Protein chains: 2
Amino acid sequence: MSSVLPSPEPAGGPAAVAPSFSPLYQQIKALITRSLQGGEWKPGEPIPSETELAQRFKVSQGTVRKAIDELATENLLVRRQGKGTFVATHAEEKVQFRFLRLIPDEGEAGNMPRRFLDCRRLRAPADVAKALEIKSGEPVVQVRRLLYFRDRPVVLDDIWLVGAQFKGLTAERLSELRAPLYRLFESEFGVRMIRAEEKIRAVAASGASAQLLEVPEGAPLLSVERLSYTYGNRPVEWRRGLYDTTTHFYRNELN
Amino acid sequence: MSSVLPSPEPAGGPAAVAPSFSPLYQQIKALITRSLQGGEWKPGEPIPSETELAQRFKVSQGTVRKAIDELATENLLVRRQGKGTFVATHAEEKVQFRFLRLIPDEGEAGNMPRRFLDCRRLRAPADVAKALEIKSGEPVVQVRRLLYFRDRPVVLDDIWLVGAQFKGLTAERLSELRAPLYRLFESEFGVRMIRAEEKIRAVAASGASAQLLEVPEGAPLLSVERLSYTYGNRPVEWRRGLYDTTTHFYRNELN
DNA sequence: GAGTGGTCTAGACCACGGC
DNA sequence: CCGTGGTCTAGACCACTCG
């Protein structure tokens, strides 16, 4: 009942006013998050049962439950009745394309074949550095690729990754890759994408983009800038996608 | 404990396989939803306290609580500690523009002045009828309007409403309107928008749209088709917005 | 059958808002 | 001060999964 636990601050960064009071389950939530971040339980693995965690943290099972509830709605954990609670992973069919909202007008939203254009290590330009919250000039990895639908290019992605976290990422590594990118990031580099923010605009296809996407110059394209965050609200990927929306649309739900 | 309550189905439409078991709190949730739908409690008003509802439904307070929790996360109810639980309403500054995701590159996302172009009653074209799940030819109301930012047109909206639910909606009524549209819909027609789905594309400005938005013909515009639902998952509004995204962007969060 | 998460209860106490 | 929602507990039972 008393606050035996460290870090009385609730998750989500420093608030405008210190809350001066933090519910127990928020503290538990922070502790579990820390274990996830520290890799005590790996993606796909089960975490200890609710009763076990309750004993470890010296709180009731209901309190642990509420903490896990929130982490589950934030997609950090996945509950499976009768089996246990598991660390969320990109290595699952169902959540494979959690962040790709592009749907074809006709047909299924299945896997899209892809072609990598380049993969280079370089120093971060000012705008990229600012988005990724690193210093201008620090190392980054740039990846460019195309996604196809029925043999037609539909998406041109320009991806920038924080260099420090993606040491061994090379063009060779990508060319032999069959899994989704985020799966690779998770399994090879221990970087799990938690959430993302997107800024969407309509733009006119420039010469290079038009050629790659096989559309006339000046054709309207959807520009989707995405900033992806990992544990601890740290941005690790900034990408800009150009979508040809003549046969696809971007789907969004408002609640 | 025993299922004294009617309608054992959980909310959310017919499932692929009948659940054959419905938690009590889901049944309570359905009952509360029905009261909301039936207008027992009006938008902005408080609903009975948790203990009171617990007595009425002959369940424990915790069970009512869980039902209300879900309705609150679905934005049907709003909890206010120390005061009570209230029916959500569009008549609040904070939730005023819940569905408008357009953000200016610079400056605040404040209110956008607007100008109504027309408001007509007519028979639903096939595509509109299909989206609104009514018969082709049934009455609908069409509203067209412009939204401005710093004296420049930014959004051109083409709105279609199910005629049966918006009987007294006229151009005069709109011209003297100062509140947001959804506020009017709620207070005058008893239609509250609960959730919406959007399909987003990049399109080229056609002659008429280009003129109204004061952009060159062929300029890239964001096309945002929105289908809005009210209680019971019934679609009541279909709109198509054309956004000029040279000084604004569409913001989205992925979780 | 044993172990997991899921539901439900009853009761205690805390934080907040308003009279 | 009281009534509201918010937290926490302890214990019971149910539904699901797997050996």
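Just so you know, these numbers come straight off a predicted model, no measurement behind them. Order of the sequence lines fixes the chain letters, A, B, ..., with proteins taken first and strands second; residue numbering starts at 1 for each chain.
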**Q.** Atom of A:R114, atom of A:L181 and distance for their closest heavy-atom approach
**A.** NH1-N, 3.9 Å
What is the distance, to the nearest angstrom, from the [atom1] atom on [X] to the [atom2] atom on [N]?
X     : N      : atom1 : atom2 : value
B:Q61 : D:dG5  : CD    : C1'   : 8 Å
A:E50 : D:dC13 : CD    : P     : 19 Å
A:K29 : D:dC8  : NZ    : P     : 13 Å
A:Q55 : D:dA10 : CD    : P     : 12 Å
A:L24 : D:dA10 : CG    : P     : 12 Å
B:L53 : D:dT4  : CG    : C1'   : 13 Å
A:R65 : D:dA10 : CZ    : C1'   : 15 Å
B:L77 : D:dG5  : CG    : C1'   : 13 Å

Q: Might you work through the side chain to side chain donor-acceptor pair (under 3.5 Å) test for A:Y250 and B:R201, ending with a clear yes or no?
A: CA-CA 7 Å; A:Y250 181 106; B:R201 298 183 139 89; over 6 Å; no
Q) Is any side-chain heavy atom of B:R240 closer than 4.5 Å to a side-chain heavy atom of B:V224? A) no
Q: Decide if atom CZ of A:R98 counts as having more than 12 heavy atoms of other residues, nucleotides or ligands within a radius under 6.0 Å.
A: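 Yes, CZ of A:R98 has more than 12 neighbouring heavy atoms, counting only those of other groups under 6.0 Å.
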Q | Side chain of B:S49 (C-beta onward), nearest among D:dG5, C:dG6, D:dC8 | A | D:dG5
Q. With a 4.0 Å cut-off, would you call B:E225 and B:R239 a salt bridge?
A. no
Q: Under 4.0 Å from any atom of DNA chain D, heavy atoms only: list the residues of residues 78-89 of chain A that qualify, in numerical order.
A: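 DNA chain D contact set from residues 78-89 of chain A: A:Q81, A:G82, A:K83.
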(Q) Please evaluate residues B:R101 and A:E198 with respect to the criterion salt bridge (charged side-chain N to carboxylate O under 4.0 Å, His left out), reporting the C-alpha separation (whole Å), side-chain torsions for both, the decisive distance (0.1 Å), and the verdict. (A) CA-CA 11 Å; B:R101 308 284 263 256; A:E198 293 190 332; over 6 Å; no
**Q.** Along DNA chain D (nearest heavy atom to each residue), the more 5'-positioned of B:P48 and A:V64
**A.**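 Going by which nucleotide is closer to the 5' end, it is B:P48.
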Q: Determine yes or no for a side-chain-to-main-chain donor-acceptor pair under 3.5 angstrom, with A:S49 supplying the side chain and A:E52 the backbone.
A: yes
Q: May I ask you to verify if any side-chain N or O of A:T51 is less than 4.0 angstrom from the OP1 or OP2 atom of C:dG3?
A: no
(Q) I want to check one thing: is the phosphate of C:dT7, taken as OP1 and OP2, less than 4.0 Å away from some side-chain N or O of B:T63? (A) no
